[in-house]
Number of protein chains: 2
Amino acid sequence: MNQGGLDDVATEAYAHLFQAFAEPTRLAILQHLASGEHRVRDLVEHMDLAQSTVSKHLSFLVECGLIVSRPQGRATWYALADPELLKPLITAAETILEATGKSAQLCQHLRGGGETLVLEKN
Amino acid sequence: MNQGGLDDVATEAYAHLFQAFAEPTRLAILQHLASGEHRVRDLVEHMDLAQSTVSKHLSFLVECGLIVSRPQGRATWYALADPELLKPLITAAETILEATGKSAQLCQHLRGGGETLVLEKN
DNA sequence: TGCTAATATCGCTGTGTGACGATGAATCAG
DNA sequence: CTGATTCATCGTCACACAGCGATATTAGCA
């Protein structure tokens, strides 16, 4: 595809990471894990999905290095690998959503008025 | 990633934005546009894809508010809506990739470094 | 007026994957 | 040991979508 100087491998790596966040269910899992360590069983109950579905998403996030697993007895505890690492990404995404006006349109906790952020461009 | 979590609608909004970056082709388009304004024809030639494919990806990115179009004559010029807005996101992703041992270097223009956009001549 | 170039859009197809249920492997309780 | 609980994995299905070609549309050119 990129026969030129740009790096295909790098592009694939970035795209794969973004895929982790591009799925509503995975994003919800990350949100829930942001509140602390949870077992698969807890997440299944909270998300109202099949256990196999949740387990597969967790495997994906582990493979991305975003979360870590800690088996204990019959259960397996999952937690964010590094919460501080995710904050800049979420913040950057929030900034973009605000700047593009999608946030005010879709996110209700942002003062539901018609006001949209104005881009300061030069 | 706040402790309170996001509602479903907000989660969908975030996921939709991340989808724009989760596709290797779209990411490559953003990289190329980071070097300056381009026509569809230029991108088609550079990416070695069908014109309809490139056009569809461009529509997606416009709908996300990440790029803007400027019709001129028969051609349509596309450019990043706000390069400065993308840099924090790419930088955050790069930090995660480094921390997870999957570091990969993306296009220079999309990464941090405060200097303004430089147009390259074809 | 045609004719070409550039783009957007439509329909189609193959692939990827998110969802589920079923099954197997551990682990604990009785 | 027997049975229940918890999780990972497998097979399957349905749907989304990236890719393509074909076509419509618009703008420039002879």
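Numbered from 1 within each chain, the chains take letters A, B, ... in sequence-line order.
Interatomic distance, A:L85 CG to A:I90 CD1, rounded to the nearest 0.5 Å: 11.0 Å.
Residues forming a ring-ring contact (aromatic ring centres under 6.0 Å, His included) with B:Y78 (at least two apart in sequence, or on another chain): none. Scored by the side-chain contact (heavy atoms from CB on, under 4.5 Å) test, B:A50 finds B:S52, B:T53 as partners (sequence neighbours excluded). A:P24 pairs by the side-chain contact (heavy atoms from CB on, under 4.5 Å) definition with B:T11, B:E12, B:A15, not counting sequence neighbours. Under the side-chain contact (heavy atoms from CB on, under 4.5 Å) criterion, A:A93 pairs with B:Y14, B:L17, B:F18, B:L89, not counting sequence neighbours.
Atom C1' of nucleotide D:dC17 and atom CD of B:Q19 are separated by 10 Å, given to the nearest angstrom. Going from atom CG of A:D42 over to atom C1' of D:dC7 covers 13 Å, rounded to whole Å. Between the CD atom of B:Q72 and the P atom of D:dA27 there is a distance of 13 Å, rounded to whole Å.
Residues A:L49 and B:R41 each lie close to DNA chain C; by heavy-atom proximity, the contact nearer the 5' end of the strand is made by B:R41.
Sequence neighbours left out, the pairs with a member in residues 38-52 of chain A that pass salt bridge (charged side-chain N to carboxylate O under 4.0 Å, His left out) are A:R39-A:D42.
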Do any N or O atoms of the protein come closer than 3.5 Å to N or O atoms of nucleotides 8-15 of chain D, and which pairs are they?
from, atom 1, to, atom 2, distance (Å)
D:dA8, OP1, A:Y78, OH, 2.4
D:dA8, OP2, A:S55, OG, 2.3
D:dA8, N7, A:Q51, NE2, 2.8
D:dA8, N6, A:Q51, OE1, 3.0

Result block: side-chain N/O donor-acceptor pairs under 3.5 angstrom for residues 57-70 of chain B, not counting sequence neighbours:
from, atom 1, to, atom 2, distance (Å)
B:H57, ND1, B:R26, NH1, 3.3
B:S59, OG, B:S55, O, 3.1
B:E63, OE1, B:H16, NE2, 3.0
B:R70, NE, B:E37, OE2, 2.8
B:R70, NH2, B:E37, OE1, 3.0
B:R70, NH2, B:E37, OE2, 3.3

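The span of DNA chain C lying next to chain A, judged by atoms under 4.0 Å from heavy atoms, is bounded 5' to 3' by C:dG18 to C:dC28.
For the residue pair A:T25 and A:M47, the shortest heavy atom distance occurs at O-CE, 3.8 Å.
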